[in-house]
Amino acid sequence: MPERQSSLSLPFDGQLFINGEFVESESETRIAVENPASLDTIGSVPDGTKADVEAAVAAAKEAYEKRWRPLSARDRVDYLLAVADAIEDEFEAFVELETLENGKPLEQSRSDVSEAAKTFRYYAGGADKNHGDTIPEKGELFDYTVHEPYGVVGSIIPWNWPPMHTADFTAAPLACGNTVVLKPAPEAPLSSVKMAEIWADTLPDGVVNIVTGGTEPGVALTSHQDVGKIAFTGHTDTGRKVMESAAQNITSVMLELGGKNPNIVLPDAPIEDAVEGTAAGLFTNTGQACAGCERLLLHEEVADEFLDAFLEYIRELRLGPGLDPDVDIAPLANEKQFEKVTDFIALGKEEGATVLYEGTVPDDVGDGYYVPPVVFGDVDSEMRIAREEVFGPVIVVQQFSSVSEAVTIANDTDYGLTGAVWTRDMRVGNRLARSIDAGIIYINNYDNGTFLGAPFGGFGRSGIGKKLSFKETFNEFTRTKTIRSRIASDDLTLLDDYY
Ligand code: NAD
């Protein structure tokens, strides 16, 4: 691997970010952050507490009332654009930090950091265009609506795309006039803390705050009475707990959760494209993608041809550290995920699935959370390996003999995040897209690179609400108020009585 010139100073020992300042937690415990490709510690953050959340929410509330809500929407546009510029100014440092704390190949970190900057620009563009309606035809009355912020938004994010998740759940609420308390994942909090260095220079104090840590600050945020909205991205089981906790104060929740996404290949599919697309859907971020394809549904007429080509394609993929520019599949992002994925692989074997392919870890990659790809055949929909989200480079193969059977298998899941269809007949592709019960459908692609501008969110236990879309996401971060107003009569002569 060629020597890289680093733009980062390590170890990166972060602090909480409250009211525009970097401060220590009242707890003295710190969480070490590991490079999953070497197991070296690259930094640490405070293990934040309930008291830290209290301080952060108080700062966000004051900033909302005194410094952010009073601004015109136009002023907020300028602030968000300044954040986007500053992320781009430090582009390579963010890229390297993400690959170090999350493991993913540099090229994927580049796309993520670029997306984070674009997210601030995108929502800046909507900040001054979030108008309400007027509702006429009420005689002397007319109604109009305004879209008002919630106040303090509690944003809780996972570790799989740290800069992008940070941007998603800060830029959109800020653009709508809210202030934010952000809780990053304990496994990969450094990109968020680095983003705070930018906010310290570009945003008014207290407008965004960060409390690092694990479950304690998460629960404190979701149950806090001064938090008006919870924006959560993470596992479905955690989403359920978040919803229960938020129910105490009837706090509105937006949940972006997991998936077990079906990828359907029909006999007339463009096989080469389908093979490459399936591999992209499976291996982007080493399978740690909510939208990734974990279920491969093959029509029996094309199953052998597809599988031969797919396995040949996988054999060529290189496993190694994300800092190596020639690597296709990086290590898993952390120890917890490594254990989970290896347990699922063992479970699939115990359940009686046939291992159609299992790669090996190259000798020269050293220590790291490496898990080579696994393809399981002879899988039925009742097996846990076919029902539960693995979040790794593991795919199960099922066969079908008719389109309706494919739809039945595809929809036999509690989740409903994404689905994909491969066919040369767009009528069939679009018909299937309407039949699969999921929030996002790919036809003849599995491009989960960028969705900015297109609503992204799941059905069923994959979540509530949409991110990445001005139109739908601004509905999430504002409340509609109806104002009924009396106007003068249509009969102008009646006005003469007033004067
Ligand atoms: P996770 O649910 O374990 O953790 C997510 C966040 O919640 C972390 O910050 C964690 O500290 C916090 N948390 C944990 N317990 C909490 C509690 N009781 N109350 C409040 N917060 C709590 O998920 P993860 O392992 O970090 O991420 C992987 C999951 O995220 C996968 O299921 C994946 O599908 C999902 N995900 C979904 C999307 C989407 O857009 N739908 C995107 C990325 C990841």
Side-chain angles (χ1 to χ4, degrees), residues 31 45 47-48 50 53 101-102 104 112 115 154-169 172 181-189 191-192 210-224 227 230-248 251 253-261 284-294 332-341 344 388-392 414-418 438-440 448 451-452 454-469 473 476:
I31 300 172
V45 289
D47 191 4
K50 187 174 180 202
V53 169
E101 73 169 339
N102 170 280
K104 65 170 58 87
D112 186 9
E115 198 70 1
S155 296
I156 300 176
I157 58 171
W159 42 261
N160 64 337
W161 268 288
M164 195 173 71
H165 289 308
T166 302
D168 279 350
F169 278 178
V181 176
L182 174 75
K183 199 206 78 64
E187 297 85 359
S191 300
S192 304
I210 297 186
V211 179
T212 51
T215 307
E216 181 178 332
V219 172
L221 206 49
T222 54
S223 58
H224 201 296
V227 171
I230 291 292
F232 173 81
T233 303
H235 197 274
T236 293
D237 292 342
T238 319
R240 197 174 284 116
K241 289 181 194 154
V242 164
M243 217 171 167
E244 280 167 12
S245 176
Q248 292 171 55
T251 306
V253 291
M254 170 186 189
L255 302 173
E256 304 292 339
L257 308 176
K260 188 74 181 176
N261 308 306
T284 299
N285 207 15
T286 317
Q288 300 160 120
C290 55
C293 66
E294 295 201 0
L332 291 169
N334 52 68
E335 188 178 11
K336 187 179 86 175
Q337 196 55 26
F338 176 80
E339 282 171 5
K340 184 173 165 192
V341 174
F344 263 115
E388 296 179 24
E389 184 189 47
V390 175
F391 221 51
D414 293 335
Y415 292 108
L417 190 53
T418 74
I440 300 137
N448 55 19
F451 268 86
L452 196 56
F456 189 99
F459 293 179
R461 289 178 199 164
S462 289
I464 300 173
K466 303 283 179 188
K467 57 184 179 182
L468 302 177
S469 141
T473 309
E476 292 296 330

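Each residue takes its place number in the sequence, starting with 1. As the structure lists them, so they are numbered: ligands from 1, and atoms in each ligand from 1.
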Give the residue and atom name of whichever protein heavy atom lies nearest to atom 28 (C) of ligand 1, and the separation in Å to one decimal. Phe391 CE2, 3.6 Å
Under 4.0 Å from any heavy atom of Asn160, which atoms of ligand 1 are there? 43 (C), 44 (C)
Backbone or side-chain N or O of His235 under 3.5 Å from ligand 1 N or O: yes
Taking atom CZ of Phe338 and atom OG1 of Thr286, what is their separation to the nearest 0.5 Å? 12.5 Å
Ligand 1 atoms nearer than 4.0 angstrom to some heavy atom of Glu256 are 37 (C), 38 (C), 39 (C), 40 (O), 41 (N)
Should Thr212 and Pro184 count as side-chain neighbours, where that means a heavy-atom distance under 4.5 Å? yes
Is atom 24 (P) of ligand 1 near the protein, in the sense that some protein heavy atom lies at less than 4.0 Å from it? yes
Non-hydrogen atoms of Ile230 and Val242 that approach each other most closely: CG2-CG1, 3.8 Å
So, 4.0 Å and heavy atoms of Gly458: is ligand 1 close enough to count as a contact? no
For ligand 1, which atoms have a heavy atom of Cys290 less than 4.0 angstrom away? 34 (O), 36 (N), 37 (C), 38 (C), 39 (C), 40 (O), 41 (N), 42 (C), 43 (C)
Atoms of ligand 1 less than 4.0 Å from Pro186 heavy atoms? 11 (O)
Side-chain donor/acceptor of Thr418 to backbone N/O of Asn261, under 3.5 Å: no
May I ask you to say whether Glu294 pairs ionically with Lys260, meaning some side-chain N is under 4.0 Å from a carboxylate O? yes
Where on Phe456 is there a heavy atom closer than 4.0 Å to ligand 1, on the side chain, on the backbone, on both, or on neither? side chain
Do any heavy atoms of His165 fall under 4.0 Å from ligand 1? yes
Side chains of Pro189 and Glu101, heavy atoms from C-beta outward: is any pair under 4.5 Å? yes
Minimum-distance protein heavy atom relative to atom 31 (C) of ligand 1: Glu389 OE1, 3.3 Å
Numbering as shown, the atoms of ligand 1 that approach Gly258 to under 4.0 Å (heavy-atom distance): 32 (O), 34 (O)
Looking at Lys50, I'd like to know if its NZ atom is crowded, meaning that more than 12 non-hydrogen atoms belonging to other residues, nucleotides or ligands lie closer than 6.0 Å. no
Correct closest heavy-atom pair for Asn102 and Trp159 would be ND2-O, 2.8 Å
Is it the case that ligand 1 has an N or O less than 3.5 angstrom from some N or O of Pro158? no
Return yes when Lys336 approaches ligand 1 closer than 4.0 angstrom through a heavy atom, no otherwise. yes
Please identify which atoms of ligand 1 are closer than 4.0 Å to at least one heavy atom of Ile156. 6 (C), 7 (O), 9 (O), 12 (C), 20 (C), 21 (N)
Tell me the protein heavy atom at minimum distance from atom 10 (C) of ligand 1, and give that distance in Å. Lys183 NZ, 3.9 Å
Could you tell me if the side chain of Val341 sits less than 4.5 Å from the side chain of Leu332, heavy atoms only? yes
Which atoms of ligand 1 sit under 4.0 Å from any heavy atom of Thr233? 5 (C), 36 (N), 37 (C), 38 (C), 39 (C), 42 (C), 43 (C), 44 (C)
What part of Gln337 sits under 4.0 Å from ligand 1 if we count only heavy atoms: the side chain, the backbone, both or neither? neither
Taking only heavy atoms of Gly218, which atoms of ligand 1 are found under 4.0 Å from at least one of them? 19 (N), 20 (C), 21 (N)
closest protein heavy atom to atom 35 (C) of ligand 1 is Gly234 O, 3.2 Å
May I ask you to test the Ile440-Phe451 pair for a side-chain heavy-atom distance under 4.5 Å? yes
Does only the side chain of Lys467 get under 4.0 Å from ligand 1, or the backbone, or both, or neither? Count heavy atoms. side chain
Could a heavy atom of Pro184 be found less than 4.0 Å from some atom of ligand 1? yes
Report the nearest protein non-hydrogen atom to atom 41 (N) of ligand 1: residue, atom name, distance rounded to 0.1 Å. Leu257 O, 2.7 Å
Looking only at heavy atoms, the pair that brings Lys340 and Val390 closest together is CE-O, 4.1 Å
Of all the heavy atoms in Phe232, does at least one lie under 4.0 Å from an atom in ligand 1? yes
Pairwise side-chain contact, Arg240 with Glu244, heavy-atom cut-off 4.5 Å (strictly under): yes
At the 4.0 Å heavy-atom cut-off, does Gln288 count as touching ligand 1? no
Using a 4.0 Å heavy-atom threshold (strictly under), name the region of Asp237 that reaches ligand 1: side chain, backbone, both or neither. neither
Is a side-chain donor or acceptor of Gln337 paired with a backbone partner of Asn334 at a separation under 3.5 angstrom? no
Quick one: CG on Asn160 to CZ on Phe391, what's the gap to the nearest 0.5 Å? 4.0 Å
Who gets closest to atom 15 (N) of ligand 1 by heavy atom: Asn334, Ile157, Thr238? Thr238
Nearest heavy-atom neighbours spanning Lys183 and Val211: CG-O, 3.1 Å
To check you understand the geometry: which heavy-atom pair defines the closest contact between Ser155 and Phe169, and what is its length? OG-O, 2.7 Å
Is Ser462 close to ligand 1, meaning an N/O of one under 3.5 Å from an N/O of the other? no
